[in-house]
Amino acid sequence: MGIYILQFVNFTLSFFMWLIIGRIMITLLIGNRQNFMVSFFVRFTEPFYKITRKLFPFAKESYIPPTAILIIVVLRILLIAFKTAIQYK
């Protein structure tokens, strides 16, 4: 049962990573915050951006998305290592 929870968390982190990449692409292409797609990506990625801003208050606004992606990648690597350790215990 615990492995399924870890897989769900892993997939959720992956989903957030792709949402952040989507927000970067949409913002570069459209840039209009009144657009439905831009507001969708902003609404779902802003909570993770707030966490990243609290962890790295010295980071500039343009460095927040890559920093958030880096945090997600590190969390996913740790989660997979933990899952592997539990699975082969």
Side-chain angles (χ1 to χ4, degrees):
M1 184 70 175
I3 297 217
Y4 296 119
I5 294 171
L6 293 175
Q7 285 179 343
F8 177 75
V9 172
N10 186 23
F11 289 139
T12 305
L13 288 172
S14 175
F15 179 71
F16 271 114
M17 182 180 72
W18 285 108
L19 276 177
I20 291 170
I21 292 171
R23 179 177 174 174
I24 293 169
M25 298 306 291
I26 290 287
T27 309
L28 288 175
L29 294 175
I30 298 174
N32 182 7
R33 290 191 69 125
Q34 301 300 327
N35 190 341
F36 170 73
M37 288 301 293
V38 175
S39 64
F40 169 79
F41 281 105
V42 168
R43 188 177 325 128
F44 282 104
T45 57
E46 195 59 37
F48 203 79
Y49 277 25
K50 286 182 182 179
I51 293 170
T52 307
R53 285 187 198 107
K54 284 185 180 183
L55 288 174
F56 299 100
F58 53 85
K60 294 181 183 178
E61 188 65 31
S62 61
Y63 295 137
I64 295 296
T67 307
I69 291 174
L70 183 67
I71 290 171
I72 290 174
V73 167
V74 167
L75 286 174
R76 288 185 69 202
I77 290 171
L78 292 174
L79 190 70
I80 290 170
F82 182 69
K83 184 178 87 169
T84 307
I86 287 176
Q87 199 170 16
Y88 295 115
K89 190 173 182 182

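Note: hydrogens, waters and symmetry copies are ignored here, and every other heavy atom, side chains too, is used. Keep in mind it's a predicted model, so treat the numbers as computed, not measured.
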With sequence neighbours left out, the residues meeting side chain to side chain contact (heavy atoms under 4.5 Å, CB included) with I26 are I30, V38, F41

Would you give the length of the straight line joining atom CE of M17 to atom OG1 of T12, rounded to the nearest 0.5 angstrom? 12.5 Å

Given S14 and R76, is the side chain to side chain contact (heavy atoms under 4.5 Å, CB included) satisfied, shown in steps? CA-CA 8 Å; S14 175; R76 288 185 69 202; 3.7 Å; yes

Other ILVMFWY residues reachable from V74 by side-chain steps of under 4.5 Å: L78

Please go through F11's hydrophobic cluster and name the other residues, only I, L, V, M, F, W, Y counting, with side-chain heavy atoms under 4.5 Å joining them. none

I'd like to check the side chain to side chain contact (heavy atoms under 4.5 Å, CB included) partners of I24; sequence neighbours left out, ordered by chain and number. I20, L28, P65, I69

Please tell me whether I21 and V73 are part of a single hydrophobic cluster in this structure, the criterion being side-chain heavy atoms less than 4.5 Å apart. yes

Rounded to the nearest 0.5 Å, how far apart are CG of L79 and CD1 of I72? 12.5 Å

Give a yes or no on whether the ring-centroid distance for Y4 and F8 is below 6.0 angstrom. no

Looking only at non-hydrogen atoms, find the nearest pair between I64 and R53 and report the distance. CD1-CG, 3.7 Å

So, taking the atom named CZ in R23 and the one named CZ in F44, what distance separates them when rounded to the nearest 0.5 Å? 12.5 Å

Just verifying a value: how many Å separate T67 OG1 and K60 NZ, rounded to the nearest 0.5 Å? 12.0 Å

When you compare the side chain of F40 with that of L19, does any pair of heavy atoms fall below 4.5 Å? yes

Could you go through the side chain to side chain contact (heavy atoms under 4.5 Å, CB included) check for I86 and L6 one step at a time? CA-CA 10 Å; I86 287 176; L6 293 175; 4.1 Å; yes

May I have all residue pairs that pass ring-ring contact (aromatic ring centres under 6.0 Å, His included) and include part of residues 50-79, sequence neighbours excluded? F56-F58

Report yes or no: do I51 and L70 belong to one cluster of Ile/Leu/Val/Met/Phe/Trp/Tyr joined by side chain heavy-atom distances under 4.5 Å? no

Spell out, as yes or no, whether a donor-acceptor pair under 3.5 Å connects the side chain of T84 to the backbone of I80. yes

What's the separation between atom CG in L29 and atom CG in N35, rounded to the nearest 0.5 Å? 11.0 Å

Not counting sequence neighbours, list each pair that qualifies as a ring-ring contact (aromatic ring centres under 6.0 Å, His included) and has a residue in residues 12-34. none

Greater than 12 external heavy atoms within 6.0 Å of F82's CZ: no

Measure the spacing between NZ of K50 and CG of L55 and express it to the nearest 0.5 Å. 14.5 Å

